[in-house]
Visitor: 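Take this structure, written in C-alpha cells, and hold onto it; I'll ask about it next.
All ligand and atom numbering here is 1-based and tracks the order in the structure.
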Amino acid sequence: MTSDHSTTVSSVLELRQVSCSYETGRPAVQDISFAAKEGEILCLLGPSGCGKTTILRAIAGFEPVRSGQIFLSGQLVSSQEVMTPTENRRIGMVFQEYALFPHLRVQDNIAFGLSQLTRSLRAARVQEMLRLTGLEGFERRYPHELSGGQQQRVALARALVQNPVVLLLDEPFSNLDPDMAGRMRQELHDLLRRTKTTTVLVTHDHDEAFAMADRIAVLNQGRLEQFDTPEMMYHLPATPFVADFVGQADFIPGTVSQGMVQTELGEFPDTLECQDGTTVVVMIRPDDIHLVPTEGARSRVLSRQFRGSENLYTVSLPSGQIVHSSQGSTSVYQAGTTMEIRVLATHTVLFRQPNPTP
Ligand code: ADP
Ligand code: MG
C-alpha cells in the first residue's frame with residue numbers, strides 16, 4: 001500500500017464519511033465518521049434497521065462503501081476504488097448466531113484459523129484461549145453439547161485467538177436469556193480489557209451500551225446522531241432522538257425571554273442564546289424531578305412503576321403535560337396524590353422547536 005493511502009490519525013479503526021447502499025433505493029448508512037483508539041470498546045447503538053450491521057459488514061469487508069473511506073491500523077481498506085479482502089483485514093467477528101462448526105470439537109473450532117502455526121504453538125494458543133474464556137475442561141465437546149453462553153465463549157475464543165486488529169460483535173447477547181446475558185456482558189468486558197482488544201459492539205439496548213462502551217455511536221435511519229461517552233450521551237444528548245433513545249426523557253415546551261426559558265416547571269437558563277420569543281423544549285430526566293406531596297398542589301401522580309431500587313412516577317402537570325420522576329424505593333405515593341414539583345437539574349439541555357404557525 002502506498003503512503004497516500006495512510007491516515008495521519010493513530011486510530012486503530014477510522015471511518016470517514018462512509019456511505020453504503022444496497023441495490024434497493026436509498027442509502028442504508030450515510031456519512032458515517034468515527035474512530036476507535038487502541039483497546040477502546042465502541043458501541044453502535046440504535047433501533048432495528050438503522051444500519052448497525054451494515055457498518056460492521058463494511059468494516060469487515062463484506063460490504064463495499066459507496067463513498068468515504070475505512071482505515072484499519074492507518075491503512076486504507078475500503079473506498080470507492082479500494083476493497084481489501086476480508087481475510088487480509090485481520091478482523092475478528094462474532095455474529096448473533098455464533099456460526100460454530102458443528103462437526104468440530106471446541107478445541108478445533110478455536111484452532112480453525114491457525115493452520116499456519118506449528119502443532120505445539122497452536123495447542124498453546126488454544127489452551128490460552130480456553131483459559132481466558134473459562135472453557136477449560138470443555139475442549140473435547142461439540143457445539144451442540146454446550147449452553148448458549150458457552151457457545152458464545154467458543155465463538156469469542158475463535159475470534160480472539162487470531163489476535164485481531166479489531167473485534168466486531170453483532171448483538172452478541174441477543175440469543176441468551178437476560179440473566180446469562182448480564183453475566184456474559186461483565187465477563188466479556190473483563191476479557192476485552194485484559195486482552196486490550198479494540199472492539200466495535202452492535203446493540204439496540206442502551207443499558208448494554210452504557211455497561212460496555214468507552215464511547216457510543218448512536219444511529220438513526222442510517223445517520224450518526226452523536227458519538228460520545230455514555231455519560232455525555234445521557235446528560236448532554238445532541239438531539240431529541242438521542243435523548244429519548246438512551247433513557248427516559250420528558251420534553252417541556254418553553255419560550256425564551258431575556259436569556260431565560262419560561263416553562264410550566266419554572267425558568268431555565270437559555271443555553272442556546274436564542275432571540276426572545278423563540279420556542280424551545282427543555283429535556284428533563286426523571287432523576288432531575290423531585291416530588292413533594294402537597295395538599296392543594298395542581299400536579300398529580302398518575303401511576304407508579306416499582307423498579308426495585310427506585311419508583312418511577314408518571315405525573316401530570318396542570319396543563320396536562322406528562323413528566324416522569326424517579327424516587328427512592330421507599331417513597332411510595334398513591335395515584336392521585338397532589339405534588340409540588342422541584343427540578344434539580346445540574347445543567348439544562350435545550351432543543352429548538354419549529355415556531356408554531358400563527
Ligand atoms: P440494523 O443492523 O441496525 O438492524 P441493517 O444494517 O441490517 O440494520 O439494515 C439497514 C438498512 O438496510 C435497513 O433498512 C435494511 O432493510 C437494509 N438492508 C439490510 N440488508 C440488506 C440487504 N441485503 N439488501 C437490501 N437492503 C438491506
Ligand atoms: Mg443488525
Visitor: Is any side-chain N of the basic residue among Glu139 and Arg105 closer than 4.0 Å to the acidic one's carboxylate O?
Guide: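 Salt bridge flag = no for Arg105 with Glu139.
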
Visitor: Is it true that Gly49 lies under 4.0 Å from ligand 1, counting heavy atoms only?
Guide: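 It does; at least one heavy atom falls under 4.0 Å.
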
Visitor: Specify whether Tyr234 and Phe210 have parallel, tilted or perpendicular ring planes, treating 30° as the upper limit for parallel and 60° as the lower limit for perpendicular.
Guide: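 Because their plane-to-plane angle is over 60°, the rings of Tyr234 and Phe210 count as perpendicular.
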
Visitor: Which residue and non-hydrogen atom of the protein lie closest to atom 20 (N) of ligand 1, and at what distance in Å?
Guide: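 The closest heavy atom on the protein side is Tyr22 CZ, 3.4 Å.
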
Visitor: So do Leu42 and Thr199 actually touch side chain to side chain, heavy atoms under 4.5 Å?
Guide: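 Heavy-atom side-chain distance check fails, nothing below 4.5 Å.
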
Visitor: Quick check: does Ala28 get an N/O under 3.5 Å from an N/O on ligand 1?
Guide: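 No, no N or O pair falls under 3.5 Å.
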
Visitor: Side chain to side chain donor-acceptor pair (under 3.5 Å) for Arg307 and Gln305? Distances and angles first, verdict last.
Guide: CA-CA 6 Å; Arg307 298 206 168 172; Gln305 210 180 72; 2.8 Å; yes

Visitor: Is there at least one protein heavy-atom neighbour under 4.0 Å from atom 8 (O) of ligand 1?
Guide: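 Within 4.0 Å: yes, protein heavy atom nearby.
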
Visitor: Is Thr53 close enough to the Mg ion (ligand 2) to have an N, O or S atom under 2.8 Å?
Guide: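 True for Thr53.
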
Visitor: As a test of the contact definition, would atom 15 (C) of ligand 1 count as having a protein heavy-atom neighbour under 4.0 Å?
Guide: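 Within 4.0 Å: no protein heavy atom nearby.
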
Visitor: Is there a side-chain contact between Asp276 and Gln258, using heavy atoms and a 4.5 Å cut-off?
Guide: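 With C-beta onward as the side chain, the pair touches.
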
Visitor: At their closest point, which heavy atom of Ile289 faces which heavy atom of Leu265, and how far apart are they?
Guide: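 So the minimum-distance heavy-atom pair works out to CD1-CD1, 4.5 Å.
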
Visitor: Does an N or O from Thr54, backbone or side chain, lie closer than 3.5 Å to an N or O of ligand 1?
Guide: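 By distance alone, the answer is yes.
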
